[in-house]
Structure formats: C-alpha cells, structure tokens
Amino acid sequence: MPADLLEGLNPDQLAAVTAEGSALVLAGAGSGKTRVLTTRIAWLVQTARVSPMGILAVTFTNKAAKEMLSRLSAMLPINTRGMWVGTFHGLCNRLLRAHHQDAGLPQLFQILDSADQLAAIKRLLKALNVDTDKYEPRKVQAFINMNKEAGLRAGRVEAWDPYTRRLVEFFAEYDAQCNREGVVDFAELLLRAYELLERNALLREHYQTRFRHILVDEFQDTSKLQYAWLKLLAGPEAALFAVGDDDQSIYAFRGADVGNMATFMRDMGIAEPIKLTQNYRSHATILDAANAVIAQNANRLGKDLWTDAGVGEPIRHYQAMDDREEAGFVVEAIRELYREGLAYADVAVLYRANAQSRAIEHALFTAGLPYRVYGGQRFFERAEIKHALAYLRLIANPEDDNAFLRVVNFPARGVGARTLEGLDAAARQGGMSLWQAACAGGGKNKGLAGFVALVEGMRAEARGLGLAETVEIVLARSSLIEHYKTEKEGEGRIENLNELTNAALAFAADADDQGLAAAAPGTTASAATADDPAQAQLIAFLAHAALEAGEHEAGAAADAVQLMTVHAAKGLEFHTVFITGLEEGLFPHENALTEPDGLEEERRLMYVALTRARRRLFLSHAQQRLLHGQPRYGLASRFLEEIPTALVHSLNLHRRPTPPPPRSTADWGGGKAPSQPSRELPHKIGARVSHPRYGEGVVSGYQGQGAEAEIRVAFPKVGDKWFILDYVKLTPC
DNA sequence: AACTCTTTAGTCGCG
DNA sequence: CTAAAGAGTT
C-alpha cells in the first residue's frame, strides 16, 4: 500500500513527502504542491508515524482546505476525523470556542467580518465625537488590523506623534467595545488564539504534545503573527512542514511576510529547502518567459522551472489602440479558439485591476459569449443576507449592538436618527446594550417597541427549533421579503434570501454528517455542551457565514470564459490565458511603485499570471485606456520587455508603429515619460463647452498644475464652477 | 422618515 | 465613469 502511495513521484517530491522532521519545500508553480502535501499526510498516517489526531494542516482558503480533505479521503481508507485541517482563522476559531473561558470570551462569541468591523469602528468614533475627516474610519480600521496582525495590542504600539497616539486610543477603545459586546474580528481571532497558547502553559503543552506534525500551505503568505502561532503550537518537538513559493508572494500589502521563509530555515536549522522545480502544467515557452521575468527580481531564494512537456507554441502579443480594441481582440481570439474546439471554460482573461473587467465584459456580452466574473460580492456579504443574519444574531444574542443597529429600522418602522440618539445616550449612561436600553425605555417610541416585540417573538418561536426553521421564521416575520418586493430589482435579493434557507439546510446536514465536531467550526466540545444545541448550531452557522463568505457561487458549472484579477487567479490553471492591460502604471501598477518592494511584488504578480497558462498565452496592452472616464496613455509594460523576444510573436506586424498619443492629459509614464511640459489647454478661454450635468457654459479660466489643474466654466444657470481637469468631461459645442 | 441630489474616491483582497 | 456615502430637501 505505501508503495502505491509514493508511486509516480519525482525524486524531489519523494524527498519532500518522506522528509523526517521539519522541512521547507520551495514548490514552484505547477510542481505538484498539493499532491505533495496530501501524500505526505497520507504517508505519515500509513507508516504509523502519527495518528490522524496528531496532524494539523493549515491552508489560506477554505477552498484549499476542502480540496485537501477530499483528496485525502480519496487516498486513504481511514477517516480524516480527528485531524485538524482548515484555515488559520477556522482553526483559531475552533481553538477559541473550545477554550473560550481561558481566552476570556463568552461561550457564544460572534465574529465580525470586515464590514461589521468597519461599522463598529464608525459607531465608536461617533460615540467619541471624533472628526471622521481627520480620522477616516477605514484608516482606523487598517491601523488596528495592521497592529493586531503584527501581534501588538494597543498598549504596545509605539506612537511618536499626536496623530498616532490618537489612533492608539481608538484601538484601545475599540477593543474595549468588542470585549463588552463579546465580538471578535478576524485579526482578533488570530491574536487571541496566539495569546491563549502563550499565556496558558497547560493548554500549550497539551496541544504541543498532541500535534506531532504541522503542515502549512502557501507559507510565503503567512504573516509574522501566524508564523509565531505556528511555532508556539509546534513547540520544540513537532515537525513543521512548510510549503511555499517566494516567487508567488503577492500579498505583502495585507501583511504577508516572505521573510518568514528565511526565518523558518534559521529557526529550524534547515540548510537547504527542498526545491520542486519540475513543472507539470505548462509548455517550455511559457516557463521560459516566466523564468526570465522573475529572474529580474533580486530578493529570491532562487529556482528555475523546467518541463519535459515540449516547447509548445509561441506567446502572442497584441498591441491595441485602446481598451475597447483590446477587448475586441480578446473576443475574436476566443471565438477562433472555440471554433478550434476549445471550451470557453478553458479560457481565462486576467487583468490587474477589477475596473478593467468592464470593457472586456462589454465586448463578451455584445458578442454573445458566455462569461463569468470572479470576485465581487460574495453571498454572505450581500446586504439582504447581512440583514437576515442580523436578525439571526439577535436571536442568538439580542445584546449584539452591531446587529441591532443594522436592522432596528430595516425594513423601515419609524425608528429614526433621533430615537437612536436617545437610545444610545441611555445605553451609555446605564452601561448597557442598546437592546437593554430599548427594553427599559420601552413604549416611548412605537417603532422601537414594535422592534423589541418582533425580535422577542422570533426568539420565542425559534426556541428549540432547528437552524433552517429558524431562518424561515426570520424570513417570515422580518418582512424583509415583502420589503424587497416593493423595490425594483429586488427579485435577485429575494432569491438570495430564499437561498439562505438552503444554505442553512446544507450546513445542518453537513454538521450531522460529520458528527458534532468536524464541520461546524464552532461546535467543539464546549459549544456542544451548551444548554441548547439549537443555539449552538445557530452560533456555528453565524461563524460559518463570517468565515466562509464565498462558496455560494451560482452558475459555476456552466461553460463560460473566466474573468478575474491576477490575484484571484493564483492557484488556478487554464489551457489558454489572456493577460491584458500590460501597461506601465497599470501593470506594474503606479501605486505599487511608491512602496519599497512594490516593483518586485508586481513582478511576482506577473510571474503568477504567466504560470497560469498550460498551453497558450496571449499578452496585450492598449495605448490608450479609459480610466475613471478619462483617457490615459500608457507605454508598454516593462514586463513585456523582460520576456525574451524569441518567445513572443507579435500580432501587430501588419500595423504601422502607431504615432505618439495626441495629448497627454495625465503624465504617467512610470518614470519613463519626458519631463512634463506645460500642459496644453484642452479648451480656450471663452470657448463654449457642454457639461453632462450642467449643460452649456463658457470656459472662464484655469488654475493649478499637473493633476490638480482645474478649469473654470461659467454656466448661465448655476454660475461659475471649478472642475478637476483630469476628470471633467467637457465637449466643445 | 424617506427621498433626491451632491460629493467623493477609485490596486490587489483571504478570513 | 460609477458606486456609495453624505448632505439637503420634502
């Protein structure tokens, strides 16, 4: 049996799978990384090096965790129960549920997703009377998360200037508010779990003894705190098996630290990583291009991908006049591929920024080709779903202020800003929740009393019932569906609400299936011993909604062209890949260039994009692109020039070199542009122009330089108006 | 309280 | 340009 397991592995893969002790595996794109991970787990169990109980495996996405589990159960006759496989957040949630008392949390703590967190911060800033122009809620949120992700509590953040000191105050107040309300945000999940193990020696030793083998996927994406957590959990004895690729590290902007790979080698005394460089995905031409591009980066552990799959076709490059023509090219090429027998679903169109999808979607739509856009709003993040979830949260815990505020007046029932102000004041004075304040001061406001009665009615009716029934009660009594019936375009929302019942059914079935512990992240030992199992399942479902916002994607099965950002494409592969918008300023993105290692990260992003393709690769750029409604002129991306010309076929040979753009409204050559001459004025003073909103007017003046340049137009009705020259759309008339 | 108008901001995004 | 949040109006 073990012989079967290891059959077909190349020597490097074999070395990785059977490594004794801790190891770092440098797994290039398409080198069989997931196979190595799952085979190693199976091998460890089969050779009795460890029981399933002693294994913990961490992934970054729920999808990866699921995939690992399903591959594992296909490989092994044994059950995967007892194994801890999940995301960092999922595992930390599990840990905190099991030891909520030691972690200082209520048994049924709720999880805030980023939108909930932002709402909580806004509420806090309002209560503190903070000028939100000076302290933008989003910035405060980023500050708090950044520090938590670095493992820092408010008390330990260094603040040298008054502004930062104020942010630290908000940080402290925010944590106090969360503790009062018994809620935990994503970063808190990790930090709290880390502190739990750090402070509680008994618990730490228990888990260190239990988990003999800890495996980490996408190790290059771990943050400092995550790595510290892993080390703590591993202790001195356990074997830590980390798999990653420094060349595919593209999440530094959200706290990932590639440096963890070098640190890990030092900490564990690993001299050399095991390198997986044989690629089973792409033809050599594609790999050569990817190798050449990534070779431009200085900070690498260093490896080149190779294949014995043959040279393959040359890469095609197309230079378009503008983004519309680029999209047209993509559509034509896809049509041709389809005629040749390729399925639409085998084609991916990648772009750097979501805003670019519009032009391509438009072209595909007009041509009548099926497509699917990845990313965007996820199921549990939709407004109507969050409303329904808020009612569920109030059933679980009516003192949840976040949930209370979300639906106290939705659908509208006459609880306005005035009423809420009073309620808020009463709550703060009495040191209680909004719910308590509403109950205490009942009767004052009819709508508020109605709301209290509504929620109490829901709670009473739902008592002891299953999850799906509870959801139905919420849908029936909240009149959310009635509300959306009156709204135009509310049909989709109603469908989603009904889908929520299905999600609850599926979740409950899953939980039954896998026994109490496995599927529901919340239902570990202590939660299962809650007084009310229905309540526990509700909490588990709410945690599931926060931790797995996606999953409920519709139409995934249909044959459709796949549209997504390069980030979203990581980990996927396609027969044919289009990488569009290869222009300086866009890819590499201008914003990235201002950051220290920004260009190298952009280049890694390009490397990820290139290595998604199995057989065919199309690259394109546009000389002119509409961005925010204004034309921008871009030079070809430097990444295009970094690909050896011998690998690339230009599809523009018939075309003359295009003349330079007529006029540079925004000078953004990424450093390559000539020094900016005084800008040409698009409209002479005194010229008659038309504005989309204000109608006709007369240009009366200019002021400012560069991006701040403004134009003044006199309108007969509204008088003089200043507009930012780069953004205003004025047509001569 | 509900509606409409105006202003604003816009890289990538797991859990 | 466009979506979303904030300000202003009815």
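Just so we're on the same page: letters track the sequence lines, and every chain starts at 1.
Every residue meeting the side-chain contact (heavy atoms from CB on, under 4.5 Å) condition with A:D131, not counting sequence neighbours, appears here in chain and number order: A:D133, A:K134. Checked against side chain to side chain donor-acceptor pair (under 3.5 Å), A:D217 has the following partners two or more places apart in sequence or in another chain: A:K33.
Of the possible donor and acceptor atoms, one in the side chain of A:E601 sits under 3.5 Å from a partner among the backbone N and O of A:A252.
The CD atom of A:E136 sits 11 Å away from the P atom of C:dG6 (whole-angstrom rounding). As a whole-Å value, the separation of A:Q630 CD from B:dT8 P is 18 Å. Here the P atom of nucleotide B:dG13 and the CD atom of A:E548 are 19 Å apart, to the nearest Å. The nearest whole Å value for the distance from the CG atom in A:D131 to the P atom in C:dG6 is 13 Å. Between the CG atom of A:L190 and the P atom of B:dC14 there is a distance of 15 Å, given to the nearest Å. Across the protein-nucleic acid pair, A:R138 atom CZ and B:dG13 atom C1' stand 11 Å apart, rounded to whole Å. Rounded to whole Å, atom P of B:dG13 lies 13 Å from atom CD of A:E601. Between the CG atom of A:L586 and the C1' atom of B:dG10 there is a distance of 13 Å, rounded to whole Å.
Interface remark: the A:T565 side chain does not form any donor-acceptor pair with the B:dG13 base, using a distance-only criterion of under 3.5 Å.
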Go through the steps to decide whether A:Q117 and A:N145 satisfy the test side-chain hydrogen bond (donor to acceptor under 3.5 Å, both in side chains), and finish with yes or no. CA-CA 10 Å; A:Q117 185 190 30; A:N145 289 338; 2.8 Å; yes
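Across all strands, A:V566 comes closer than 4.0 Å to no nucleic acid atom at all (heavy-atom distances). Across all strands shown, A:N354 has heavy atoms under 4.0 Å from sugar-phosphate atoms exclusively, and none from any base. Residue A:D113 is out of contact with every strand shown, counting any heavy-atom pair closer than 4.0 Å.
Toward the 5′ end of DNA chain B lies the nearest nucleotide of A:N409, the other residue of the pair A:N409 and A:A355 mapping further downstream. Take the nearest nucleotide of DNA chain B for A:H89 and for A:F253: the residue whose nucleotide is more 5' is A:F253.
Between C:dA4 and B:dG13, the distance separating the two P atoms is 16 Å to the nearest Å.
Distance from the side chain of A:H628 is smallest for B:dG10 among the nucleotides B:dT11, B:dG10, B:dG13. For A:L547, whose side chain is taken as the heavy atoms from C-beta onward, the closest listed nucleotide among B:dC14, B:dT11, B:dG15 is B:dG15. Side-chain atoms of A:R378 lie closest to B:dC14 of the nucleotides B:dC14, C:dC1, B:dG13. Residue A:A568 places its side chain closer to B:dG13 than to any other of B:dG13, B:dG15, B:dC14. Nearest to the side-chain atoms of A:R358 among the listed nucleotides C:dT2, B:dC12, B:dG15 stands C:dT2.
Between B:dG15 and A:N62, a contact under 4.0 Å exists linking OP1 or OP2 to a side-chain N or O.
Residue-nucleotide stacking is not present for A:H567 and B:dC12, judged by a side-chain ring centre under 5.5 Å from the six-membered base ring centre and planes under 30° apart. Applying the 5.5 angstrom centroid cut-off and the 30 degree plane-angle cut-off, the aromatic ring of A:Y251 is not stacked upon the base of B:dC12.
Checked against the 6.0 Å centroid threshold, A:F578 and A:Y351 do not count as a close aromatic pair.
Exactly one of A:R625, A:R632, A:H621 qualifies for a side chain to side chain donor-acceptor pair (under 3.5 Å) with A:E583. That residue is A:R625.
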